[in-house]
Amino acid sequence: MESDFKIYNTLSREVEPIQTLKKGHLTFYSCGPTVYSYAHIGNFRSFVTADLILRTARKMGWQVTYATNITDVGHLTEDDFSDPSGEDRMAKALRSKEGEQFSNVWDLARFYSGKLIEDWHILNLVEPTIRPRATEHIREQIAAVQSLIDKGHAYETSQGVYFSVTSFPSYGQLSGNTLENELEQTVRDVVVDSEKKDPRDFALWKKDDKHLMQWYSPWGWGFPGWHIECSAMAMAYLGDQIDLHAGGEDLIFPHHECEIAQSESLTGKPFAKYWVHTRFLQVEGEKMSKSLGNFFTVRDLVAPPGEGGKGIDPLAVRMTLLSGHYRKPFNFTIKTLKGNVKHRERLAEIVTAVGYPSDDSRTYDGDLGSALKSIFDRALEAMKDDLNTPTALAALFGGTKMIQAKLATLSQTEITATRSWLADMNDLLGVVHVNNNVLASNVKPDEDLNNAVEALLIERQQARMDKNWGKADEIREALTALGVEVMDTAQGAKWKKIGGL
RNA sequence: GGUGACGUGGCCGAGUGGCUAGGCAAGGGUCUGCAAAACCCUCUACGACGGUUCGAAUCCGUCCGUCACCUCCA
């Protein structure tokens with residue numbers, strides 16, 4: 001049924017109201033990363049988009065079935081069989097310096113997929129309904145390849161099995177790289193397997209009995225092509241047809257284009273109705289890359305300074321990712337991050353003052369309550385309008401200001417309304433409070449620091465009572481050196497850790 | 001060369017025919033032993049040029065610029 005949840009569909013190049021196949025039930029699939037290293041904030045920008053679709057749909061009262069995969073098979077450059085080393089990214093990672101700690105690619109994949117899930121929770125991403133792994137679905141992939149051969153959409157060569165692009169006339173609909181495009185063909189002639197019927201045909205299975213990860217198939221030992229894994233897993237868990245499919249913009253072509261071709265050739269039915277793509281993020285105005293030194297993983301930002309991180313509040317990182325619209329180029333900067341650390345401090349202060357509700361009851365009594373309720377409604381409307389996170393955040397900030405102005409004098413009714421609002425906003429945006437308790441060490445309180453700070457504050461309090469301002473300022477400087485900022489309030493001295501920025 | 005997206009104030013970023021989004025930074029103020037935090041005030045922009053219109057940042061056209069993809073990529 002048609003809803004007022006609108007999303008930009010890459011397939012139609014229009015913002016469309018989402019019409020789910022089953023009333024009130026959204027099924028969607030989001031492409032996950034290859035786990036050959038730590039996921040970076042760019043990866044997470046895409047995952048956050050999927051997370052927001054899920055949160056918005058749930059807040060509208062929809063049921064959601066959400067699958068996102070872990071690619072734990074290394075894939076070669078699709079058609080490049082000329083590489084004598086036969087290396088893929090996972091094999092390369094194993095040979096790198098970081099890879100020395102792993103005995104084989106399987107261990108490496110296990111390690112990094114564990115880290116992916118940790119970071120997932122640190123950034124307060126909702127756990128998917130199912131998180132399938134490519135290596136656990138080889139059987140389904142082989143069956144899909146066999147079926148494509150049987151239906152005349154694929155063929156075998158001495159090197160592998162290929163999907164025949166010309167057997168799927170609407171190939172290119174998603175990316176615009178259509179079959180009629182002659183010029184394109186000359187570009188892609190660079191890498192050619194002489195046995196391929198068409199240079200555009202892509203691999204479904206690669207024959208390779210030397211590969212570090214290999215399985216037995218009707219075509220001998222080898223491993224599956226990259227695109228078939230997502231088709232096979234999406235269909236295994238969500239059915240032949242799904243509502244929505246998401247991923248990074250780089251996946252439009254070839255990955256998603258090929259998924260459509262395979263899936264629809266298998267079932268004869270439209271695969272996904274809505275295709276949602278997240279723009280790449282840049283860091284400090286440049287493409288994120290290790291050589292430029294602007295490459296950030298989640299732990300680079302949130303781990304404590306002693307463990308190689310910057311000690312930043314993970315939800316400030318999440319808020320930063322939300323500050324730009326998913327479909328626009330986004331420039332991730334330390335400056336923006338700093339601003340969001342501040343926003344988070346304000347929110348955290350409110351949460352500390354009123355408490356975070358543990359149940360689902362939401363009441364918005366009183367003037368403040370109705371004001372907050374309408375702010376939440378505005379945020380939800382913004383999210384339903386193609387995930388307009390900047391507008392939703394603007395609403396969040398407006399409410400935060402409103403509460404903060406009267407934080408010291410809130411009535412019980414107002415406290416209840418505030419708690420309801422925080423919980424509702426958090427359900428929608430996930431930047432108020434971390435719901436899961438799989439938190440990493442970076443949020444554990446530092447007992448030694450706490451004791452040292454408390455001792456100094458008592459000393460300073462005495463100095464202030466003696467009007468010994470010189471000594472009081474000295475102690476404040478000592479605290480600053482410890483990375484602590486002091487604030488004198490009517491209720492006594494408060495302190496907070498200064499972020500490592 | 002092909003395909004697609006984007007261009008808003010000092011900065012980040014919504015809006016999409018008339019009605020100042022919001023934030024950050026900056027400046028001023030209240031508060032404070034001094035600060036910090038908080039609060040109040042100030043800061044009116046839409047790449048260029050044409051066109052449509054009573055009226056355009058918004059619609060149309062042309063141009064310029066930036067970014068991404070074109071078989072590793074979120």
Side-chain angles (χ1 to χ4, degrees), chain A residues 8 10 13 30-34 36 39-50 71 74-80 88-89 92 172 174-178 181-188 190-191 199-203 225-227 246-255 257-258 277-282 285-288 319-320 323-325 327-333 335-336 338-340 342-343 345-346 349 378 382 385 388-398 400-401 404-408 464 467-470 472-473 476 480 485-490 493-496:
Chain A
Y8 180 85
T10 307
R13 309 204 190 290
S30 167
C31 286
T34 304
Y36 64 98
H40 52 72
I41 53 170
N43 297 116
F44 275 100
R45 170 133 125 122
S46 286
F47 308 156
V48 163
T49 301
T71 298
H75 295 288
L76 288 172
T77 304
E78 284 295 302
D79 297 321
D80 187 359
D88 61 45
R89 283 184 299 154
K92 257 182 199 159
L174 186 69
S175 62
N177 294 332
T178 55
N181 197 327
E182 302 283 339
L183 279 163
E184 187 201 7
Q185 207 165 335
T186 61
V187 174
R188 50 183 54 245
V190 182
V191 182
R200 295 163 300 188
D201 291 349
F202 56 89
W226 173 36
H227 315 304
E249 63 168 330
D250 57 318
L251 297 181
I252 297 171
F253 193 87
H255 188 55
E257 196 72 79
C258 294
H277 294 100
T278 305
R279 264 283 215 171
F280 267 26
L281 71 67
Q282 292 184 286
E286 292 185 280
K287 184 166 180 160
M288 182 165 64
M319 200 182 261
T320 303
S323 71
H325 186 78
R327 215 146 50 71
K328 277 199 171 183
F330 179 69
N331 190 10
F332 188 98
T333 65
K335 212 177 149 190
T336 310
K338 273 186 186 172
N340 285 302
K342 272 195 174 177
H343 284 130
E345 282 170 1
R346 288 180 195 135
E349 203 183 321
R378 232 191 302 150
D385 184 12
N388 191 336
T389 48
T391 299
L393 281 182
L396 178 74
F397 298 149
T400 305
K401 260 193 160 174
Q404 209 165 19
K406 53 195 307 188
L407 195 55
R464 293 186 70 221
K467 298 205 189 295
N468 186 348
W469 309 127
D473 289 349
R476 183 159 61 197
T480 306
E485 184 172 58
V486 188
M487 290 157 286
D488 295 317
T489 71
K494 281 188 188 171
W495 64 280
K496 65 178 181 188

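Quick note on labels: first sequence line is chain A, next is B, and so on, each numbered from 1. Predicted model only: the values in this text are computed from it and were never measured.
Panel note: side chain A/N43, backbone A/H40; a donor-acceptor pair is recorded below 3.5 Å. Looking at A/E249, its side chain does come within 3.5 Å of a backbone N or O of A/F280 through a donor-acceptor pair. Checking side-chain atoms of A/N388 against main-chain N and O of A/T391 turns up a donor-acceptor pair under 3.5 Å. Counting only distance, with no hydrogens or angles, the side chain of A/Q282 and the backbone of A/N331 share no donor-acceptor pair below 3.5 Å.
Using atom C1' as the reference point in both B/G61 and B/A74, the two lie 36 Å apart (nearest Å). Rounded to a whole angstrom, the distance from the P atom of B/A14 to that of B/C40 is 25 Å. Across the P atoms, B/G51 and B/C11 are found 30 Å apart, a figure rounded to whole Å. B/U42 and B/G47 have their P atoms separated by 26 Å, given to the nearest Å. Only the P atoms considered, B/U30 is 24 Å distant from B/U44, to the nearest whole Å. For B/A25 and B/G50, the C1' atoms lie 37 Å apart once the distance is rounded to whole Å. Here the separation of B/A57 from B/C39, taken at their C1' atoms, is 33 Å to the nearest Å. The gap from the C1' atom of B/G22 to that of B/U8 amounts to 14 Å, rounded to the nearest Å.
When the P atom of B/G23 is taken as reference, atom CG of A/L396 falls 12 Å away, rounded to whole Å. Atom CG of A/L251 and atom P of B/C70 are 10 Å apart (whole Å). Rounded to an integer number of Å, the gap from CZ of A/R327 to C1' of B/G7 is 15 Å. If you measure from atom CZ of A/F397 to atom P of B/G22, you get 13 Å, rounded to the nearest angstrom. Rounded to an integer number of Å, the gap from A/K342 NZ to B/A25 P is 4 Å. A/E249 places its CD atom 10 Å from the P atom of B/C70, with the value rounded to the nearest Å. Rounded to whole Å, atom C1' of B/A74 lies 12 Å from atom CD1 of A/I41. Atom CG in A/D488 sits about 10 Å away from atom C1' in B/G33, given to the nearest Å.
Within the nucleic acid shown, A/G42 comes within 4.0 Å of at least one base atom, counting heavy atoms only. Contact annotation for A/I252: no contact, since no heavy-atom pair falls under 4.0 Å across all strands. Counting any heavy atom pair closer than 4.0 Å across all strands shown, A/T278 reaches no nucleic acid atom. Within the nucleic acid shown, A/K494 has no heavy atom closer than 4.0 Å to any nucleic acid atom. If you check every strand for non-hydrogen atoms under 4.0 Å, A/R476 touches a base. At a threshold of 4.0 angstrom between heavy atoms, the contacts of A/F280 include nucleobase atoms, whether or not backbone atoms are also involved. Looking at heavy-atom distances under 4.0 Å, A/H277 makes no contact with the nucleic acid at all. At a threshold of 4.0 angstrom between heavy atoms, the contacts of A/L281 include nucleobase atoms, whether or not backbone atoms are also involved. Nucleic acid contact class of A/Y8 (heavy atoms, under 4.0 Å, all strands): sugar-phosphate only.
The shortest distance between the side-chain N/O atoms of A/K406 and the OP1/OP2 oxygens of B/C39 is not below 4.0 Å. At the phosphate of B/A35, neither OP1 nor OP2 sits under 4.0 Å from any side-chain N or O atom of A/W469. Phosphate contact (OP1/OP2 of B/C39, side-chain N/O of A/Q404, threshold under 4.0 Å): present. Distances shown here put every side-chain N or O of A/K401 at or beyond 4.0 Å from the OP1 or OP2 atom of B/G22.
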Scan nucleotides 9-18 of chain B nucleotide by nucleotide, 5' to 3', and note B when protein non-hydrogen atoms come under 4.0 Å of the base, S if they reach only the sugar-phosphate, - if neither.
--S-SSS---

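If you check distances only, the side chain of A/D250 never reaches the base of B/C70 with a donor-acceptor pair under 3.5 Å. Side-chain to base pairing of A/R279 with B/A5: one donor and one acceptor N or O lie within less than 3.5 Å of each other. Looking at A/D473, its side chain comes within 3.5 Å of the base of B/G33 through a donor and an acceptor atom.
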Derivation of the side chain to side chain contact (heavy atoms under 4.5 Å, CB included) call for A/T320 and A/F330
CA-CA 10 Å; A/T320 303; A/F330 179 69; 4.1 Å; yes

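A pairwise comparison of heavy atoms in A/P254 and A/H227 identifies CG-CE1, 3.8 Å as the closest pair. When all heavy atoms of A/P390 and A/S323 are compared, the pair lying nearest together is CG-O, 3.5 Å.
Contact check for A/R45 versus A/R279: side-chain heavy atoms found under the 4.5 Å cut-off.
Evaluation of the side chain to side chain donor-acceptor pair (under 3.5 Å) rule for A/Y8 yields no partner, not counting sequence neighbours.
Looking at which nucleotide of RNA chain B each of A/R13 and A/A394 is closest to, the 5′-most match is held by A/R13.
Separating the CG atom in A/L396 from the OG1 atom in A/T389 is a distance of 11.5 Å, to the nearest 0.5 Å.
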